Amino acid sequence: MEKHHKKKSILLRRPLVSIVVLLVVILALALGLVFGLRGRHQNNNTAGSDSGSDFAEAWNQPAEFLLSKNFSISRTPTTRYYEWTVSQQTIAPDGLERPMLLVNGMFPGPLVEANTGDRIIVKVTNNIVNGTAIHWHGMFQNGTNWMDGTVGVTQCPIPPGQSFTYNFTVPNQWGTYWWHAHAASQYIDGIYGPLIIHSPDEPHLGRYQEDVIMMIADHYHIDSGSLVTWYLSPDSEGTEPVPDSGVINGRGTFDCSGDSQALFPSGNKCTNGAPLSVFNFKAGTTYRVRIINSGGFADFQFSIDNHDLTVIEADGVDMQPVQVQRLPIHVAQRYSVLVHANQAIGNYWVRALMNTNCFNTPNPALNPNIEAIVRYEGAPSTQTPNSADWSSSAWVAVCVDLTLDMLKPYFTVPVPPADVSYHLDVSFQTINKEHINLGYMNQTSWRPLMNDSTLFQSQRGIGTFDVSSQLVIPLNATNGVQLVLNNLDEGSHPFHFHGHVFHVLGWGHGNYQPGVTPLELVNPLRRDTITIPAYGWTVVRFVNDNPGMWAMHCHISWHSESGLLVQFESLPDRIKSFEIPEEMKSMCASSKA
Ligand code: C2O
């Protein structure tokens, strides 16, 4: 195995562009045939839109994304029960029809809304051809690690045709979360939705009157499984598939004409002028806008023309209010911002601009300006906005988070000492023989277990894990853990840690020098998904007080699929006494078949 970072210089990369585009075209054309057939075959018994021109046929219920005033924010615990069916359905989120994987036929999927202290029960029935699992992104799952929904780590996939019921409580957290499939790259095909936890103790509760969700995502015209196959083949040379468009709450628009035509699967119907999401605002009202990047690859810069954004939350952690005009948000991150409807009655663009600088290659079909509309009551409903983008607020060309001095938690939590410290190198390496580019955490490229999970293995006490595909770090004592993450790659990586929030002590470009580079130890940012800059570093700490097997991975789907995932085996003695439902073990038996 030859070590070799995916270190192509800009100059070197350019001549590759045309080759890569050509390959994408060939791939698209080849898959077009497959999709045309499969789409028609599998969808004649679903309720999905089979006519790209009938946009009135809803595949989502945008009204749900304005949170209802009827929801009572309370301290009295209750149980929230949901029944979901995952199925394949052909819809046209941006005007181009393609088979998607949806929960209850909705895109985005159904809202889960609860109070701190509630129990959430979700019965998931799998009606797709592959196994699936649902992860509750950001939920601590303290004491219920097996409900984390991560294939190969905490469970085996729910087999096709079967159901599994997730059941957990939310004792001590609130804020903006989301749920998504955690089986291969399935969430990119549509299996995601918002998860909102309220509490009377939220410090900013009195500052707004309305509460609205904007789920922002890149969107692909080819199913993610095919794209992963291409990405992990020698043809890609490690170049990630670039999105074809983007959606806000499941809606975007794609130019079906001209050169773009060559780039989508042939035979799929494409209609120009697909409608965008519209958010109805009332003048004088303050909105809490919960922005969730539910995409697979792209980092966005979010803004609303003429309207300042006051950040009050990051990944479920309340922040001291800070005003921005443009908000960078990487994959899987969330922010709440306050938006005061204090402008003239009219229509304004909501902009989620994909940072294409962070792609390895351009996609000529992609319009990276993903838009929605804020429409004041009294403004013409036929009018598209003529508002202008902020000129005063600079576009940030690199894919990095807001600086640490801007994101100060509202509540201080003491930073744990670094009782133990681990170095984790993030890299891409080419396997010499096959010329396949894989992601590595130190010297391990993760491949999910198929008929088992590392949690079950830990409980059975297998002792050692196969380090060629499972980098598992045992954490035996309840103490402070420091991680020094070094990114040896040319791309930035949004790393998510299941079951925890990190204290983010610092990040930067170049190398972290222990003892020299200053770290923030007083009330540093806490969140569950952090961007490690290209050729940069990040230092985090957390308290090892949540027993279980916890994944930490790059949330860019292509990268976790290529192996950028490490696991922490927290308090293995406590794992031994977990009472994991028997039916979870039997799902492993069926995935063998
Ligand atoms: Cu959003 Cu491993 O998760």
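As the structure lists them, so they are numbered: ligands from 1, and atoms in each ligand from 1. For reference, positions follow the sequence shown, starting with 1. Just so you know, these numbers come straight off a predicted model, no measurement behind them.
In this structure, Thr154 and Gln141 have side chains that are not in contact, with every pair of non-hydrogen atoms separated by 4.5 Å or more. No side-chain heavy atom of Ser336 sits less than 4.5 Å from a side-chain heavy atom of Met319.
Atom 2 (Cu) of ligand 1 lies at 2.8 Å or more from every N, O or S atom belonging to His555. When distances to atom 2 (Cu) of ligand 1 are checked against a cut-off of 2.8 Å, His182 contributes an N, O or S atom below that limit. The nearest N, O or S atom of His137 is not closer to atom 2 (Cu) of ligand 1 than 2.8 Å.
Few gaps surround NZ on Lys576; more than 12 heavy atoms of other groups in view lie less than 6.0 Å from it.
Side-chain contact check for His204 and Arg288: no donor-acceptor pair (N or O, by modelled atom type) lies under 3.5 Å.
For His553 atom NE2 and His498 atom NE2, the angle they make at atom 2 (Cu) of ligand 1 is roughly 110°, to 10 degrees.
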